S.K.: 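My structure is below; once you've seen it, I'll send some questions.
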There are 2 protein chains.
Amino acid sequence: MIIKNLPHKTVERLSQYRRALLMTLSKEKTHVFSHEIAQMLHITPVQVRRDLMLIGYSGNLRKGYDIKELIELIGKIIDSDKGQRVAVVGLGNLGKAIISYFKGKRSKLSIIAAFDINPDKINRVYDGVPCYHIDQMTDIIKQNNISIGIISVPSTEAPEIAETLVLSGIKGLLNFTPKPLNVPPYVYLEEYDMITSLEKVAFFAKKNDERFK
Amino acid sequence: MIIKNLPHKTVERLSQYRRALLMTLSKEKTHVFSHEIAQMLHITPVQVRRDLMLIGYSGNLRKGYDIKELIELIGKIIDSDKGQRVAVVGLGNLGKAIISYFKGKRSKLSIIAAFDINPDKINRVYDGVPCYHIDQMTDIIKQNNISIGIISVPSTEAPEIAETLVLSGIKGLLNFTPKPLNVPPYVYLEEYDMITSLEKVAFFAKKNDERFK
DNA sequence: TTCACATTGCTAAATTTTTCACAATTAAAA
DNA sequence: TTTTAATTGTGAAAAATTTAGCAATGTGAA
């Protein structure tokens, strides 16, 4: 299902709604109100309703939204029906953390390969994900039709890795190194830097603290 | 230095500007143009100039911005002059990754303690950060005036950990678990979920792919 | 010294995102 | 059956964020 021009932020929240709903799933509770979802995610109920409106989902006026239906619909919108395969490049602490976070998280995304240069790691399997040498990256990506790459190598290596991934035909990249990358426009790039998050927390914690003093 | 009502997004970008500038720092290059910063971070030059305007920094009309001066000014705005101390709770792969990311990243933020329940980890030092048992958390946080907590425990534990941290007097929290938390308004909470990032990449990669097909 | 021109700084406009406000609706209670 | 009360859905307003457009300026070249 394709809905044209879904706002960036809405896409992000849809993923969060689904995650939160999957966590609250139970036999007794089949429906959820907008204000319940809102409370879980620290946003407003209107925003939830607006997002659901954008994806054309209607709730029941007195019972709220059908949890199972909603989860399914979000899947139809944000997941690719064929599924998408993911590779993690760099199997250090972060790479391993990502893989174990992912374990058991159903979803149409599956991490099916990891790459590293450390011989101790190569040809071993981590949480169900086999690790290969980086030299094999292009081949394995092409063979397995992997379309998404997660970069968790040391930042000095990041640009070269990114280039190789792009040449291997990757369609989306998630860069966890602090090194800003450059990719062609047909590759979607998302960068996340922990330091920035932490500095943001530090800044607003400080500000908050002054305000509540 | 305090500038009232600095936009949320600007704070985030200031941190990124600093990081990017620290990476380009060299003897030969003392100045940088707005379009150079912009290119590194995939944003527009106008946006860079606007942000710098908000913090009251003036560049040189033909040479651009003085890199050293700018780094220093950003520090004056987003850092706390006394510095802020940080604790990592949960020393699994993610906790270790965070600590090692942080190593050597100067800055007024310092990770000075880690907490876990695994006896093998307790009383050991990881990348310069000592690990204590979670039972000691409140004491150590108070003694060392730690104001920021990073939560990297399994998501089931997160709410309890958050509560303890809040009671210990923490001012800001960075939650890496997919479990949404609740904290009082005087605590700044930032949540980051890798799965959401990855799903976003997947969604826009798919969309991009259709567009460029 | 004068000129050319790339860049900054900034106002105003545009766009995106969030919130308000309230009519419509319907499940459950009376 | 009627009433009540809580919730949805949404147009319109507000707020936040980004971008356009351009005058002003200062550097280096002529």
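Below, read A as the first sequence line, B as the second, and so on, with proteins coming before strands; counting in each chain starts at 1. Note that this is a predicted model, so its numbers are computed, not measured. Excluded from the calculations below are hydrogen atoms, water molecules and symmetry mates; all remaining heavy atoms, backbone and side chain alike, are included.
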S.K.: Give me the residues of residues 61-72 of chain A where at least one heavy atom lies under 4.0 Å from an atom of DNA chain D, by number, or none.
M.R.: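 Result for residues 61-72 of chain A: A/Leu61, A/Arg62, A/Gly64, A/Tyr65, sorted by number.
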S.K.: Going by the angle between their ring planes, with limits at 30° and 60°, are B/Tyr132 and B/Phe115 parallel, tilted or perpendicular?
M.R.: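 Rings of B/Tyr132 and B/Phe115: tilted, as their planes differ by 30° to 60°.
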S.K.: Can you name the nearest heavy-atom pair linking B/Leu6 to B/Ile77, along with the distance?
M.R.: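 Where B/Leu6 meets B/Ile77 most closely, the heavy atoms are CD2-CG2, 3.7 Å.
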S.K.: Which heavy atom of B/Arg85 sits nearest to which heavy atom of B/Lys82, and what is that distance?
M.R.: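 Closest approach of B/Arg85 to B/Lys82, heavy atoms only: NH1-O, 4.0 Å.
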S.K.: Do B/Asn93 and A/Ile99 touch side chain to side chain, with heavy atoms closer than 4.5 Å?
M.R.: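 No, side chains not in contact.
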S.K.: First and last nucleotide of DNA chain D in contact with chain B, 5' to 3', at under 4.0 Å to a heavy atom: what are they?
M.R.: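 Footprint of chain B along DNA chain D, 5' to 3': D/dT17 to D/dT27.
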S.K.: Do B/Met40 and B/Thr24 touch side chain to side chain, with heavy atoms closer than 4.5 Å?
M.R.: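 They are in contact (side-chain heavy atoms under 4.5 Å apart), so the answer is yes.
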S.K.: Flag the pair B/Val88 / B/Phe102 as yes when at least one side-chain heavy-atom distance between them is below 4.5 Å, and no otherwise.
M.R.: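 No, their side chains stay 4.5 Å or more apart.
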S.K.: Go through residues 180-204 of chain B and report each residue with a non-hydrogen atom lying under 4.0 Å from DNA chain C, sorted by number.
M.R.: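 Output list: empty, so none.
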S.K.: Relative to the 5' end of DNA chain C, which residue comes earlier, A/Pro7 or B/Val46, by the nucleotide with the nearest heavy atom?
M.R.: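 Upstream on the strand: B/Val46.
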S.K.: Of the residues in residues 10-24 of chain B, which ones touch DNA chain D at a heavy-atom distance under 4.0 Å?
M.R.: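 By residue number: B/Arg13.
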S.K.: Using a strict cut-off of less than 4.0 Å between a Lys/Arg side-chain nitrogen and an Asp/Glu carboxylate oxygen, indicate whether A/Glu199 and B/Arg18 qualify as a salt bridge.
M.R.: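 A salt bridge is present here (some side-chain N lies under 4.0 Å from a carboxylate O).
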S.K.: Please identify each residue that fulfils salt bridge (charged side-chain N to carboxylate O under 4.0 Å, His left out) with B/Lys103, with sequence neighbours left out.
M.R.: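 For B/Lys103, the residues satisfying salt bridge (charged side-chain N to carboxylate O under 4.0 Å, His left out) (neighbours in sequence not counted) are B/Asp127.
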S.K.: Where is the tightest heavy-atom contact between A/Arg62 and A/Phe33, given as atom of each residue plus distance?
M.R.: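 That would be O-CE2, 3.3 Å.
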S.K.: For A/Arg19 and B/Pro178, indicate whether the former's side chain and the latter's backbone hold a donor-acceptor pair under 3.5 Å.
M.R.: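 Yes: the side chain of A/Arg19 pairs with the backbone of B/Pro178.
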S.K.: On a heavy-atom basis, which atom in A/Lys96 and which in A/Leu91 lie closest, and how many Å separate them?
M.R.: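 So the minimum-distance heavy-atom pair works out to CE-O, 3.7 Å.
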S.K.: Sequence neighbours left out, cut at 3.5 Å: what donor-acceptor pairs do the side chains of residues 154-171 of chain A make with other protein atoms?
M.R.:
residue  : atom : partner  : partner atom : Å
A/Thr164 : OG1  : A/Glu160 : O            : 3.0
A/Ser168 : OG   : A/Thr138 : OG1          : 2.9
A/Ser168 : OG   : A/Thr164 : O            : 2.7

S.K.: Taking salt bridge (charged side-chain N to carboxylate O under 4.0 Å, His left out) as the test, write out the residues that go with A/Lys206, two or more places apart.
M.R.: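 Testing A/Lys206 for salt bridge (charged side-chain N to carboxylate O under 4.0 Å, His left out), a comparison that skips the adjacent residues, returns none.
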S.K.: Kindly say whether A/His31 contributes a backbone atom to a donor-acceptor pair with the side chain of A/Lys29 at under 3.5 angstrom?
M.R.: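 Between the backbone of A/His31 and the side chain of A/Lys29 there is a qualifying donor-acceptor contact (under 3.5 Å).
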S.K.: Looking only at non-hydrogen atoms, find the nearest pair between A/Leu94 and B/Tyr101 and report the distance.
M.R.: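 The answer is CD2-OH, 3.9 Å.
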S.K.: Please output the side-chain donor-acceptor pairs of residues 41-49 of chain A that fall under 3.5 Å, not counting sequence neighbours, one pair per line with the distance.
M.R.:
residue : atom : partner  : partner atom : Å
A/His42 : NE2  : B/Leu181 : O            : 2.3
A/His42 : NE2  : B/Glu191 : OE2          : 3.2
A/Thr44 : OG1  : A/Gln47  : N            : 3.3
A/Arg49 : NH1  : A/Ser34  : OG           : 3.4

S.K.: Check DNA chain D against residues 31-41 of chain A and give the residues with a non-hydrogen atom under 4.0 Å, in numerical order.
M.R.: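 Within this stretch, A/Phe33, A/Ser34, A/His35 sit under 4.0 Å of the strand.
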S.K.: Near DNA chain C, which residues from residues 53-60 of chain A have a heavy atom under 4.0 Å away?
M.R.: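 Nucleic-acid contacts, sorted: A/Asn60.
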S.K.: Which distance, rounded to the nearest 0.5 Å, do you find between the CG of B/Leu21 and the CD1 of B/Ile37?
M.R.: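 Here the rounded value is 5.0 Å.
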S.K.: For a 4.5 angstrom cut-off between non-hydrogen side-chain atoms, does A/Asn208 reach B/Tyr186?
M.R.: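 No. Closest side-chain heavy atoms not under 4.5 Å.
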S.K.: Just say parallel, tilted or perpendicular for the rings of A/His8 and A/Tyr188, cut-offs at 30° and 60°.
M.R.: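 Rings of A/His8 and A/Tyr188: tilted, as their planes differ by 30° to 60°.
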S.K.: For B/Met23 and A/Pro180, work out which heavy atoms get closest and say how close.
M.R.: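 Where B/Met23 meets A/Pro180 most closely, the heavy atoms are SD-CD, 4.4 Å.
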S.K.: Would you grab the first and last nucleotide of DNA chain C (5' to 3') that comes under 4.0 Å of any non-hydrogen atom in chain B?
M.R.: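 From 5' to 3', the first and last contacting nucleotides are C/dC5 to C/dA12.
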S.K.: Can you tell which of A/Ile150, A/Val89, A/Leu189 makes a side chain to side chain contact (heavy atoms under 4.5 Å, CB included) with A/Leu173?
M.R.: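 Of the listed options, the one satisfying the test is A/Leu189.
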S.K.: So do A/Leu70 and A/Tyr17 actually touch side chain to side chain, heavy atoms under 4.5 Å?
M.R.: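 Side-chain contact under 4.5 Å: no.
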S.K.: Angle, rounded to 10°, between the helical axes spanning five pairs at each terminus of the helix from C/dT1-D/dA30 to C/dA30-D/dT1?
M.R.: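 Roughly 10° between the end axes, to the nearest 10°.
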